[in-house]
Amino acid sequence: MSPILYIGDAWSASWSICGWLACRLAGLEVEERSIFLGQPQTRKEILEVSPSGRVPVLVNGSTVVWDSMAIAEYLWELNPNGQIWPQDFEQRCYARCIAAEVHREFEEVRVAMPMNLIKRWPMRNGLPSIETRMKGPGVKGGREGVMEGLRRMEEIWRDCRQKYGAGGPYLFGANYTFVDALFAPMVSRYVTYGVEAAEDVAPYIGANMAYPPMQEWISRAERDAEVVGRDVAMAFP
Ligand SMILES: N[C@@H](CCC(=O)N[C@@H](CS)C(=O)NCC(=O)O)C(=O)O
């Protein structure tokens, strides 16, 4: 039986992309099963497969892996020659530092600007016009906190690309790795909310968005939004 990857709706499930891209990077063929989020039965359905009540979850025989980062590490253990982490030891150490940071931090960006792959917010004065969310609960630092998060993210992209990115458009050059996958939901927010990135990192955002599996996920987002109702998706957040 092939491994099963449970994911949420592609248009909004920001961690699900990461788990899905990890499987792609590792070359693992999985059966993909979508659990639509925000439905009356969602929690029950997820809890049937995931002890944390969250997706993505990879089920491979008797092994259950219920977190995007843990999925990436599991896949790396199965195949250390895959594309999950850079092959170079020093680069891999750096990659893990960034991965840990993006996996744990940037709460304000996540809360103020939820991922929505099918929507475009209007711009106002060069900044995303989502003032009400910037002041909402969970966004402790308000607009400043959100902007600080975005600037820190851009600093990570700049630094990593300067150190290791010379050979191609991704953080570690020619090979897209799991760190790029962790940033996929983040770069998509720049597009959704029309955030202006610093000029030197803007090409990275374009490259991550254009990565063919990311484009495949975006097509899936369009399909999932049709299922849940485009009006519902457009009303979020
Ligand atoms: N840290 C976890 C976070 C997973 C997470 O928050 N997943 C969201 C969707 S992408 C979820 O399952 N939400 C449950 C719900 O909306 O009911 C990971 O990296 O996998």
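Each ligand, and each atom within it, is numbered from 1 in the order the structure gives. Atoms considered below: every heavy atom in the structure, side chains included; atoms not considered: hydrogens, waters and symmetry mates.
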Flag yes if more than 12 heavy atoms outside Trp66 fall under 6.0 Å of its CH2 atom; otherwise flag no.
no
Could you tell me the residue and atom name of the protein heavy atom closest to atom 20 (O) of ligand 1, and the distance to it rounded to 0.1 Å?
Ser68 N, 2.9 Å
Against heavy atoms of Ser14, which atoms of ligand 1 measure under 4.0 Å?
10 (S)
Asn116 vs Tyr193, test: side-chain hydrogen bond (donor to acceptor under 3.5 Å, both in side chains). Steps then yes/no.
CA-CA 9 Å; Asn116 187 333; Tyr193 297 97; over 6 Å; no
Give the C-alpha distance, both sets of side-chain angles, the deciding distance and a yes or no for side-chain hydrogen bond (donor to acceptor under 3.5 Å, both in side chains) between Tyr94 and Asp159.
CA-CA 11 Å; Tyr94 190 94; Asp159 190 56; 2.4 Å; yes
Taking only non-hydrogen atoms of Ala13 and a 4.0 Å limit, the atoms of ligand 1 in range are 10 (S)
Between Tyr164 and Trp157, is the gap from one ring center to the other below 6.0 Å?
no
Tell me which part of Ser52 gets within contact of ligand 1: side chain, backbone, both or neither, using heavy atoms under 4.0 Å.
neither
For atom 1 (N) of ligand 1, the protein heavy atom that lies nearest, with its residue and separation
Asp67 OD2, 3.0 Å
At a 4.0 Å threshold, what atoms of ligand 1 neighbour a non-hydrogen atom of Pro56?
20 (O)
Atom 17 (O) of ligand 1 - nearest protein heavy atom and its distance
Thr42 CG2, 3.9 Å
Return the closest protein heavy atom for atom 13 (N) of ligand 1 as residue, atom name and distance.
Arg54 NH1, 3.6 Å
Students should be able to answer this: which protein heavy-atom is nearest to atom 4 (C) of ligand 1, and at what distance?
Val55 O, 3.4 Å
May I ask whether Tyr6 and Leu37 are part of the same hydrophobic cluster, defined by side-chain heavy atoms of I, L, V, M, F, W, Y residues being less than 4.5 angstrom apart, directly or through others?
yes
For Ser16, counting its heavy atoms only, list the atoms of ligand 1 lying under 4.0 Å from any of them.
10 (S)
Check each heavy atom of His103 against ligand 1 and say whether those closer than 4.0 Å belong to the side chain, the backbone, both or neither.
side chain
With sequence neighbours left out, what residues match Gln39 under side chain to side chain contact (heavy atoms under 4.5 Å, CB included)?
Phe36, Gln41, Thr42, Val228
As a quick check of understanding, evaluate salt bridge (charged side-chain N to carboxylate O under 4.0 Å, His left out) for Glu216 and Arg220, giving each step before the final call.
CA-CA 6 Å; Glu216 203 184 306; Arg220 183 192 197 117; 6.0 Å; no
Identity of the nearest option to atom 5 (C) of ligand 1, non-hydrogen atoms only, from Trp15, Tyr6, Trp66
Trp15
Just need the protein heavy atom nearest to atom 14 (C) of ligand 1, so name the residue and atom and give the distance.
Gly53 O, 3.9 Å
Could you verify whether a donor N or O on one side chain and an acceptor N or O on the other, from Glu73 and Trp85, lie under 3.5 Å apart?
yes
salt_bridge(Glu154, Arg151) N-O dist < 4.0 Å:
yes
Can you tell which part of Leu37 has a heavy atom less than 4.0 Å from ligand 1: side chain, backbone, both or neither?
side chain
